[in-house]
Amino acid sequence: MNETQQLCSQCGAQPAMVRENGQVINGKCSECMGRLLRARKASRRASTVRLDFSGEPDLLERIRRIADREYRTIEAQLLYTVKKGLQDMERP
C-alpha cells in the first residue's frame with residue numbers, strides 16, 4: 001500500500017478521501033466533498049416546484065393511483081406525466 005497520501009484535487013490542502021483498502025474514492029477531501037454536495041442540493045432546491053391540488057383532489061388521487069401501479073413515487077409520476085404531456089404537445 002502506498003504510504004503517501006493524495007491531496008484533495010479541489011483545495012490541495014487536505015488528504016483525499018480513501019476507502020479502507022487505501023483506494024482514493026473521488027480525489028476530494030471530505031470538507032470539499034461536503035461543500036459540493038451541499039451546492040448540488042441547493043441547486044435542486046432552487047428548481048423545486050410546489051403544486052397545490054386543493055382545488056383538484058380527484059386529479060391528485062388519479063396521479064397517486066397511477067404512481068402506485070407504475071411503482072413510482074408521486075413526485076416521479078408527476079415529472080413523468082409533465083414530460084410526456086410536453087412531448088405530446090410538441091408533436092406536429
Side-chain angles (χ1 to χ4, degrees):
M1 181 160 65
N2 189 356
E3 292 299 317
T4 59
Q5 292 182 332
Q6 179 178 335
L7 292 178
C8 173
S9 62
Q10 190 120 12
C11 69
Q14 300 288 332
M17 294 189 299
V18 294
R19 293 189 170 90
E20 287 182 14
N21 67 2
Q23 180 184 12
V24 175
I25 296 174
N26 58 19
K28 293 177 180 49
C29 68
S30 59
E31 210 171 295
C32 288
M33 194 61 205
R35 275 195 299 276
L36 179 66
L37 292 173
R38 285 189 296 280
R40 283 183 185 166
K41 187 175 183 179
S43 172
R44 279 195 304 265
R45 259 189 265 133
S47 62
T48 300
V49 175
R50 297 186 117 191
L51 298 174
D52 180 5
F53 286 94
S54 60
E56 297 284 343
D58 293 340
L59 180 59
L60 180 59
E61 187 53 38
R62 287 170 56 196
I63 294 287
R64 184 175 284 127
R65 281 195 307 267
I66 294 168
D68 287 345
R69 186 179 68 225
E70 298 293 326
Y71 299 103
R72 292 186 179 115
T73 63
I74 292 174
E75 293 85 357
Q77 185 62 47
L78 285 165
L79 186 58
Y80 174 81
T81 303
V82 168
K83 283 181 180 180
K84 185 79 168 130
L86 286 173
Q87 287 172 350
D88 291 347
M89 291 172 67
E90 291 170 346
R91 286 194 191 126

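Heavy-atom basis, side chains included; hydrogens, waters and symmetry copies ignored. This chain uses plain numbering: 1 for the first residue, then up along the sequence.
- Residues M17 and K28 are not in side-chain contact: their nearest non-hydrogen atoms beyond the backbone lie 4.5 Å or more apart.
- Contact check for M33 versus L36: side-chain heavy atoms found under the 4.5 Å cut-off.
- L51 and L60 end up in the same hydrophobic cluster when Ile, Leu, Val, Met, Phe, Trp and Tyr side chains are linked at under 4.5 Å.
- By the neighbour-count criterion of 12 heavy atoms within 6.0 Å, atom CZ of R19 is densely surrounded, having more than that number from other residues, nucleotides or ligands.
- Between the CZ atom in R35 and the SG atom in C29 there is a gap of 6.5 Å [rounded to 0.5 Å].
- Of all heavy-atom pairs between A16 and G27, the closest is CB-C, 3.8 Å.
- Taken together through direct or relayed side-chain contacts under 4.5 Å among Ile, Leu, Val, Met, Phe, Trp and Tyr, V49 and I63 form part of one hydrophobic cluster.
- Within a 6.0 Å radius of OH in Y80, no more than 12 heavy atoms belonging to other residues, nucleotides or ligands are found.
- Closest of all the heavy-atom pairs between P57 and S54 is CD-O, 3.7 Å.
- In E61, the CD atom is crowded: over 12 heavy atoms of neighbouring residues, nucleotides or ligands sit closer than 6.0 Å.
- Between L7 and A13, the shortest heavy-atom distance links the atoms CD2-O, 4.0 Å.
- Side-chain contact between P15 and Q6 is absent, with no heavy atoms from C-beta onward closer than 4.5 Å.
- Between R64 and I74 the shortest heavy-atom distance is NE-CD1, 3.5 Å.
- The distance from atom CG of L37 to atom SG of C32, rounded to the nearest 0.5 Å, is 11.0 Å.
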